[in-house]
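Take a look at the structure set out below.
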Amino acid sequence: MTTLSDYLATHAAPNLASTMNTLATASISISHLLSKGALAGIHGEAGGQNIQGETQKKLDVIANDLLLNTLTHNPHCAGVASEELDEISLAHDDGTLLVTFDPLDGSSNIDINMTVGTIFSILPYHNSGQTACEQDFLQKGSQQVAAGYFIYGTSTMLAFTLGAGVVMFSFDPTTQTYVLINDDVKISDTTAEYAINASNYRYWLTPMKRYIDELVAGDMGIRNKDYNMRWVAAMIADVHRILMRGGVFMYPFDTKIEGKAGKLRLMYEANPMSFIIEQAGGASTDAVGRIMDITPTHIHQRVPVVLGARQEVEYVADLHKEHGILADGTAV
Ligand code: AFP
């Protein structure tokens, strides 16, 4: 039986191992609160909005504070950026790592007792000895040294990559430790399952409509094969399903809200999930280029996302190319 601490001691540098263990400690507190549910007084709204203009749930705020407090006490952490905070939070000038996180992904699921999770990304800090600033966080996803998620479902699990494949751990409530259950998670290049919020169909670009039309047509269309659709409204759960049994996940460019290039956040959701999916053998794109090659312009940037089974992801990108679509949704 390999525990998370054992694994990190042999697979990660001490600063990274320490930061990952700190994240795990915070996740265990969040998992405990979630398992108590309404009895812990965590349901309902917090009474505020985050920088994205989204109504914050009580647990969004609680999870954010737990992660922030534990991470800012870790001497290796130079700074933290959270989906729930307008600005970065400073930690230790001598730290060597920066952490970004979505403390509670899928927050609309909290009050209905469905799956939620915590997504994290760890970046190198290149100016150790100086006080970190937002610019230090604006690194491409390809610079991540680690990324992962804690999923609070029927059981609590952890999946992450340190850049050499994907590993998965399951939380053992008896010993209060994460235990390794899969040391080489891989996903298939092909699939018969997709995840998308199809109620946005009318706001999509032509190539995305064409792609979904093909899948919906199933064995009566050019694909000659039936597809199944699943949507949990928590990226973490949809990506976890893809890691477990394959699939393709999409939150594409849409024209629903002017000026918003898709719904998902590059640094808190898209980059960490792209790193995991690529390391498991899949692919990830904004439908035009590789997500992890995007240089962020600000920490709360949004991006269209298509990730999972390599063949499907490449096919979607090819359709966009055929239609001459650019990353900002305009035509060539
Ligand atoms: P919240 O964590 O703010 O609820 O958002 C979750 C999410 O960003 C992502 O995890 C889901 O895939 C997506 O939103 C769900 O969006 P819809 O509301 O369109 O279903």
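If you read the sequence from its start, that first residue is 1, and numbering goes on from there. Just follow the structure's listing: the first ligand is 1, and inside any ligand the first atom is 1.
- Environment of CD in Gln143: crowded, with over 12 heavy atoms of neighbouring residues, nucleotides or ligands closer than 6.0 Å.
- For Asp6, the side chain to side chain donor-acceptor pair (under 3.5 Å) partners two or more places apart in sequence, or in a different chain, are Thr3.
- Under the salt bridge (Lys or Arg N to Asp or Glu O under 4.0 Å) criterion, the residue pairs touching residues 228-238 are Asp238-Arg241, with sequence neighbours excluded.
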Run through all N or O atoms in ligand 1 and write down each protein N or O closer than 3.5 Å, as a pair with its distance.
from, atom 1, to, atom 2, distance (Å)
ligand 1, 2 (O), Gly106, N, 2.8
ligand 1, 2 (O), Ser107, N, 3.2
ligand 1, 2 (O), Ser107, OG, 3.3
ligand 1, 4 (O), Ser107, N, 3.1
ligand 1, 4 (O), Ser107, OG, 3.3
ligand 1, 8 (O), Arg265, NH2, 3.4
ligand 1, 8 (O), Glu269, OE2, 3.1
ligand 1, 10 (O), Asp105, OD1, 2.6
ligand 1, 10 (O), Asp105, OD2, 3.2
ligand 1, 10 (O), Met235, N, 2.6
ligand 1, 12 (O), Met235, N, 3.3
ligand 1, 14 (O), Lys263, NZ, 3.0
ligand 1, 16 (O), Lys263, NZ, 3.0
ligand 1, 18 (O), Lys263, NZ, 3.3
ligand 1, 19 (O), Asn197, ND2, 2.8
ligand 1, 19 (O), Tyr251, OH, 2.5
ligand 1, 20 (O), Asn197, ND2, 3.3
ligand 1, 20 (O), Trp231, NE1, 3.0

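- Each side-chain hydrogen bond (donor to acceptor under 3.5 Å, both in side chains) pair with one or both residues in residues 286-296, not counting sequence neighbours, appears once here: Glu278-Arg290, Arg290-Asp293.
- The 12-atom threshold is exceeded at NZ of Lys225, counting heavy atoms of other residues, nucleotides or ligands nearer than 6.0 Å.
- Within 6.0 Å of atom CG in Asn113, 12 or fewer heavy atoms from other residues, nucleotides or ligands are found, so the atom counts as exposed in its surroundings.
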